[in-house]
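Input: a single structure, listed below in structure tokens.
Position 1 is the first residue of the sequence, and the numbers go up from there.
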Amino acid sequence: MNYIKRSLENVVNQVTKEYPVVLVTGPRQVGKTTMLQKLMEGTDRGYVTLDDLNERNIAKTDPELFLQLHKPPILIDEVQYAPELFTYIKMHVDKNRDAGAFWLTGSQVFKLMKGVQESLAGRVAVLSLTSLSQAEIYGGISEPFTIDMEALTARKAGREGADAKTVFERIFKGSMPAIVSGANSNSQIFYNSYLTTYIERDVKELSDAIDSLKFLRFNTAVAARCGQMLNIADIASDADINQVQAKNWLGILETLGIIFYLHPYSNNLLKRLVKTPKLYFYDTGLVCHLTRWSSAETLESGAMNGAVLENYVVAEIMKSYLNCGMEPYLYYYRDKDAKEIDIVLEHDGVLNPIEIKKTSNPGSELTKVFHLLDKSSTPRSKGAVICMKPGLSAIDKNNYTVPIWMI
């Protein structure tokens with residue numbers, strides 16, 4: 001299996017010199033352990049996983065003994081299984097103050113963060129690893145995506161162009177390392193076992209009373225609504241569960257790093273805005289598997305093509321920030337008149353409005369909605385239409401067209 005270099009490696013190396021604890025969270029199978037073990041090569045760092053029930057038992061019942069058996073520098077995998085360790089890690093850190101003493105990974109973000117925040121505030125660098133980004137798979141610089149002509153031109157330099165057909169092949173294939181690296185050539189088999197594994201192991205860990213078949217049906221109902229405003233009643237009705245259960249199960253998908261939300265942009269000067277978030281998956285391959293598209297071609301001509309394309313673009317922008325250890329400030333805009341801007345990117349005190357379209361020939365009518373942000377107290381800057389146009393171009397001096405393969 002070919003190892004694919006991860007953009008987050010540079011950030012891990014940097015924060016290891018500055019913090020006693022480095023925590024890498026993210027869903028299963030995205031390569032957290034593989035990346036950290038690669039970075040450990042040639043060092044004296046030890047390794048232990050709490051997937052091993054014997055090790056987990058010691059960590060939970062006698063954390064002090066566990067840390068005597070596994071002395072730092074150490075990588076502890078799947079640390080969410082023994083939150084009892086956090087207090088003892090804190091005691092060790094406060095006594096020794098060694099940078100990079102503990103590397104931790106965890107697949108249950110929220111539950112994990114709670115324990116970390118209580119015990120390790122100020123002592124831990126928390127990083128998120130998602131499935132692979134376009135830059136990691138196809139080459140190019142891994143910088144946060146911004147609407148700036150100089151940055152966009154630099155971005156273009158390391159990339160290979162891709163037409164609509166190729167983009168939809170990328171979307172359909174997905175971005176899980178096992179599939180991209182060729183270790184699992186049959187994505188159908190990979191995603192089937194991925195869903196079974198994470199339902200049986202991780203979901204049951206978070207919620208005992210879970211019916212596997214209903215949960216799978218629920219996953220499909222959620223995937224069918226990617227790129228849309230969250231409608232819990234519709235999801236519950238499709239999955240044949242009640243709304244409270246649907247809400248709890250959405251919480252589990254978010255906790256496991258499978259889905260994320262874009263919240264509507266708002267500030268006190270913009271009135272009459274919707275409050276509902278939009279829902280996205282980090283990996284479009286999983287969406288295509290759950291919604292049963294048989295090929296990239298059927299997806300491209302199918303009813304979900306616009307929503308899945310939007311999901312892909314939003315996830316790629318999200319990854320471009322997380323891979324640099326940064327928190328993205330991504331929103332969407334929608335008011336009570338149903339006027340919508342797909343993405344509002346906030347950074348350095350300005351707002352960049354972004355539209356996502358399948359067209360290869362976008363016109364100025366697509367940027368008309370951008371003026372809706374002018375009432376905001378944060379100034380609007382350059383806008384962009386991210387689309388299938390082959391090259392980087394401009395609609396006018398304030399709005400660019402950016403090809404999807406360049407994100």
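Other residues, nucleotides and ligands place more than 12 heavy atoms under 6.0 Å from the CD atom of E365. Around atom NZ of K247, no more than 12 heavy atoms belonging to other residues, nucleotides or ligands sit under 6.0 Å away. With a 6.0 Å radius and a threshold of 12 heavy atoms from other residues, nucleotides or ligands, K204 has its NZ atom above the threshold. Crowding of Y19 atom OH: a count of heavy atoms from other residues, nucleotides or ligands under 6.0 Å not exceeding 12. K397 NZ: 12 or fewer foreign heavy atoms inside a 6.0 Å radius.
Of the possible donor and acceptor atoms, none in the side chain of N57 sits under 3.5 Å from a partner among the backbone N and O of L53. Looking only at distances, a side-chain donor or acceptor of E136 sits under 3.5 Å from a matching main-chain atom of S133. Remark: the backbone N or O of L216 is paired with a side-chain donor or acceptor of T220 at under 3.5 angstrom. In this structure, the side chain of Q134 engages the main chain of I404 through a donor-acceptor pair within 3.5 Å. Judged by distance alone, with hydrogens and angles left aside, the side-chain atoms of Q29 form no donor-acceptor pair with the main-chain N or O of Y194 at under 3.5 Å. One N or O on the side chain of N219 and one on the backbone of F215 form a donor-acceptor pair closer than 3.5 Å. Of the possible donor and acceptor atoms, none in the side chain of Y280 sits under 3.5 Å from a partner among the backbone N and O of V314. With D342 contributing its side chain and I356 its backbone, the two residues share a donor-acceptor pair below 3.5 Å.
Between atom CG of residue L262 and atom CG of residue N311 there is a gap of 9.5 Å, rounded to the nearest 0.5 Å. Distance check, rounded to the nearest 0.5 Å: SG of C288 to CZ of F281 gives 10.5 Å. One finds the NZ atom of K319 at 13.0 Å from the CG atom of L8 (value rounded to the nearest 0.5 Å). The OH atom of Y329 sits 11.5 Å away from the CG atom of D348 when rounded to the nearest 0.5 Å. Distance check, rounded to the nearest 0.5 Å: CE of M318 to OG of S320 gives 10.0 Å. Rounding to the nearest 0.5 angstrom, the gap separating the NE2 atom in H289 from the OH atom in Y191 is 9.0 Å.
Under 4.0 Å is where a charged nitrogen must lie from a carboxylate oxygen, and between E78 and R28 at least one such pair does. The pair E340-K278 meets the salt-bridge criterion, since a charged nitrogen lies less than 4.0 angstrom from a carboxylate oxygen. The residues K32 and D77 are annotated as not salt-bridged, no charged nitrogen and carboxylate oxygen being separated by less than 4.0 angstrom. A salt bridge is defined here as a Lys NZ or Arg NE, NH1 or NH2 lying under 4.0 Å from an Asp or Glu carboxylate O, and E9 with K5 meets this definition. Between K90 and D94, at least one side-chain N (NZ, or NE/NH1/NH2) sits under 4.0 Å from a carboxylate O, which counts as a salt bridge. Classification of D396 and K382 as a salt-bridged pair fails, no side-chain N sitting under 4.0 Å from a carboxylate O.
In this structure the side chain of L132 reaches within 4.5 angstrom of the side chain of R6, judged on heavy atoms. Using a 4.5 Å heavy-atom threshold, the side chains of I147 and I354 count as touching.
Put simply, the residue from V369, L373, I343 that forms a side-chain contact (heavy atoms from CB on, under 4.5 Å) with P353 is L373.
Taking the six-membered ring for Trp and thresholds of 30 and 60 degrees, F66 and H70 have ring planes inclined between 30 and 60 degrees apart. The aromatic rings of W249 and F218 stand perpendicular to each other, their planes meeting at an angle above 60°, with 30° marking the opposite boundary.
Closest approach of A135 to R159, counting heavy atoms only: CB-NH2, 3.3 Å. When all heavy atoms of A99 and E18 are compared, the closest pair comes out as CB-N, 4.3 Å. Closest non-hydrogen pair, R380 versus H371, comes out as NH2-CA, 3.8 Å. Residues D238 and A221 approach most closely at CB-CB, 3.7 Å, considering heavy atoms. Between V12 and L36, the closest heavy-atom pair is CG1-CD2, 3.9 Å. Across all their heavy atoms, W293 and T298 have their closest contact at CZ3-O, 3.4 Å.
For Y282 and F260, the ring centers sit closer than 6.0 Å to each other.
For the pair R170 and Y138, the distance from NZ or CZ to the six-membered ring centre is under 6.0 Å and the angle to the ring normal is within 45 degrees. Because its NZ or CZ atom is both nearer than 6.0 Å to the ring centre of Y3 and within 45° of the ring axis, K38 counts as a cation-pi partner of that residue. Under the 6.0 Å distance and 45° angle rule, R45 counts as a cation-pi partner of W103.
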